[in-house]
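Note sheet for the following structure.
Worth knowing before you read on, the calculation uses all heavy atoms, side chains too, and leaves out hydrogens, waters and symmetry mates. A note on names: the letters A, B, ... follow the listed sequences, proteins ahead of strands, and every chain is numbered from 1.
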2 protein chains.
Amino acid sequence: MTTAVVEAGASREKILEAAESLFARRGYAAVGMREVAEVAGLGKSSLFHHFRSKAELYAAVVARILALCEARLRTALSAGGNPLTRFDRWLDALIDTLAAHPTTARLLLRSLFEDDELTGASEEEQRLDQTLKRMFAAAGDLLREGGATGVFRPLDVAHTLQSLIGLTVYHFASGDFGAEMLGESPFSVEQVRKRKDEVRAILHGGLLAERRAQPEPPAANGSMAHDEYS
Amino acid sequence: MTTAVVEAGASREKILEAAESLFARRGYAAVGMREVAEVAGLGKSSLFHHFRSKAELYAAVVARILALCEARLRTALSAGGNPLTRFDRWLDALIDTLAAHPTTARLLLRSLFEDDELTGASEEEQRLDQTLKRMFAAAGDLLREGGATGVFRPLDVAHTLQSLIGLTVYHFASGDFGAEMLGESPFSVEQVRKRKDEVRAILHGGLLAERRAQPEPPAANGSMAHDEYS
DNA sequence: GTCTATAATAGGATAGAC
DNA sequence: GTCTATCCTATTATAGAC
């Protein structure tokens, strides 16, 4: 009986993994249940025994990766330190999570920008939306705390969160284009390290309260003094 | 006869606009030719008179917005100034272009990360890929030039380009999620202005050569000295 | 739980009248 | 150029045998 339960779970797991890979690569609409079944090694109808509809399967896939992401990010935040330390740890955990599995960022990005992918009608889908908002709201609180204690410069929290997402999630979701730009897979250990360096350099230079750049550096203006604009 | 030509062009235009809106919102696979025809106000079969296949229609839609984007960005770069000035102008043009029409960023983002959306087999589709690479390669040259002249800090060009895309394209492609974070549409004049301020603040603080932050601020380590990790 | 068979619908694409 | 009608295939989903 234990074996039966384990095998049932194993089957569900196989389906979820197959669906995750396919949905991440091609999106909800482009993937058929037949193909999911083939990859999972089941008959098409058997899928509907585990998941009553395609939408339910997709929701389950997204819920799983969202739960994983949220757990890791919450763990990163729960450790101590000042806002900057926790922020760096949060960012590190985010990048590690996205880098650990190529499907994560793609599914995350799809959840963020493909509003019409799911109707949003079912309660499960709305739970996903809430999870998504919670994930980044925690980082928003950290930004606010850091702003109040003077660690961060005055900033627009919502826009900064969008920036963080763009700097991380997009990068690891950018498939062939990103790989062609980098010359190799963004998921190689070296490229992941470079990504961390890049994001950290941009944010540490741009978010810290001390030594900000003035909008128009005099040196640059000086060298431009003899330039003419039409 | 002139009228006929104009009306033919008008019909093609209607189709392209309908398709652009639908593809941007829901992606290639989720949109049917029937729906495109309905929105465009034509019979389904009439579409196939103007575009021989769905893939050809999609390629035409993407080619149009890509050409527009590239033209505006090239214009921004062609004006004079030092690398930093041109970079700021390029960034401004990019954001303005993305902000001008809600479909632009979404289609652009789809082109960037949905590799399997189009097979990539046809010559037209490969032209699109080249256009995309050219667009950002120009910015890459600018980063290199600015790096050589000491305006920018030493940076990884490919990663920085990815950061720029993430900071701009993702933001304006982030649909309902972005709107919910901001509290209003990202395309409102105020939010566009805020986005420009945000991106500029991040990049000017993070990309300029002078006054960089040290990777590990001693203050942070100091306050963490008594923290214990499990 | 998994299978075969099938329903019901929508997909892309073509032919030919007008 | 646009239409109706049609073809073929694929889709999601269900029914029922094993």
Donor-acceptor pairs under 3.5 angstrom involving side-chain atoms of residues 172-181 of chain A: please list them, not counting sequence neighbours.
residue: A:S174; atom: OG; partner: A:H171; partner atom: O; Å: 2.8
residue: A:S174; atom: OG; partner: B:Q162; partner atom: NE2; Å: 2.8
residue: A:E180; atom: OE2; partner: B:K133; partner atom: NZ; Å: 2.9

**OP:** Give the nucleotide from the list C:dG12, D:dC3, C:dC3 with an atom nearest to the side chain of B:K54.
**Re:** C:dG12
Subject >> Distance, rounded to the nearest Å, where B:F48 contributes CZ and D:dA5 contributes C1' >> reply: 15 Å
Original post:
D:dT2 phosphate, OP1 or OP2: any side-chain N/O from B:S11 under 4.0 angstrom?
Top reply: yes
Original post:
Atom CD of B:E13 to atom C1' of D:dG1: distance rounded to whole Å?
Top reply: 17 Å
**OP:** Let me know the distance between NZ of B:K44 and C1' of C:dG12, rounded to the nearest Å.
**Re:** 7 Å
Original post:
Roughly, in whole Å, what's the span from CZ in B:F51 to P in C:dT14?
Top reply: 15 Å
Original post:
Could A:E20 and A:R106 be called an ion pair, given the rule that one side-chain N must be under 4.0 Å from one carboxylate O?
Top reply: no
Original post:
In whole angstrom, what separates A:L47's CG from D:dA15's P?
Top reply: 17 Å
Original post:
Any salt bridge between B:K196 and B:D96, counting N to O under 4.0 Å?
Top reply: yes
Subject >> Carboxylate-amine/guanidinium contact B:R89 B:D92, below 4.0 Å >> reply: no
Subject >> Pair A:Y28 and A:Y58, ring centroids less than 6.0 Å apart >> reply: yes
Original post:
Would you say B:H49 reaches D:dC3's phosphate, i.e. side-chain N/O to OP1/OP2 under 4.0 Å?
Top reply: no
Original post:
Is the closest basic N to carboxylate O distance between A:E124 and A:R127 below 4.0 Å?
Top reply: yes
Subject >> Atom-to-atom span, CG of B:L57 to P of C:dA13 - whole angstrom >> reply: 10 Å
Original post:
If you take atom types as modelled and just measure distance, does the side chain of A:S45 reach the base of C:dA5 with a donor-acceptor pair under 3.5 Å?
Top reply: yes
Original post:
What nucleotide, of C:dT2, D:dT2, C:dA13, holds the atom closest to the side chain of A:H50?
Top reply: C:dT2
Original post:
Are OP1 or OP2 of C:dC3 and a side-chain N or O of A:S46 less than 4.0 angstrom apart?
Top reply: yes
Original post:
Do other residues, nucleotides or ligands put more than 12 heavy atoms under 6.0 Å from the CD atom of A:E184?
Top reply: yes
Subject >> Near-strand residues of residues 31-43 of chain B, defined as heavy-atom separation under 4.0 angstrom from DNA chain C >> reply: B:V31, B:G32, B:M33, B:R34
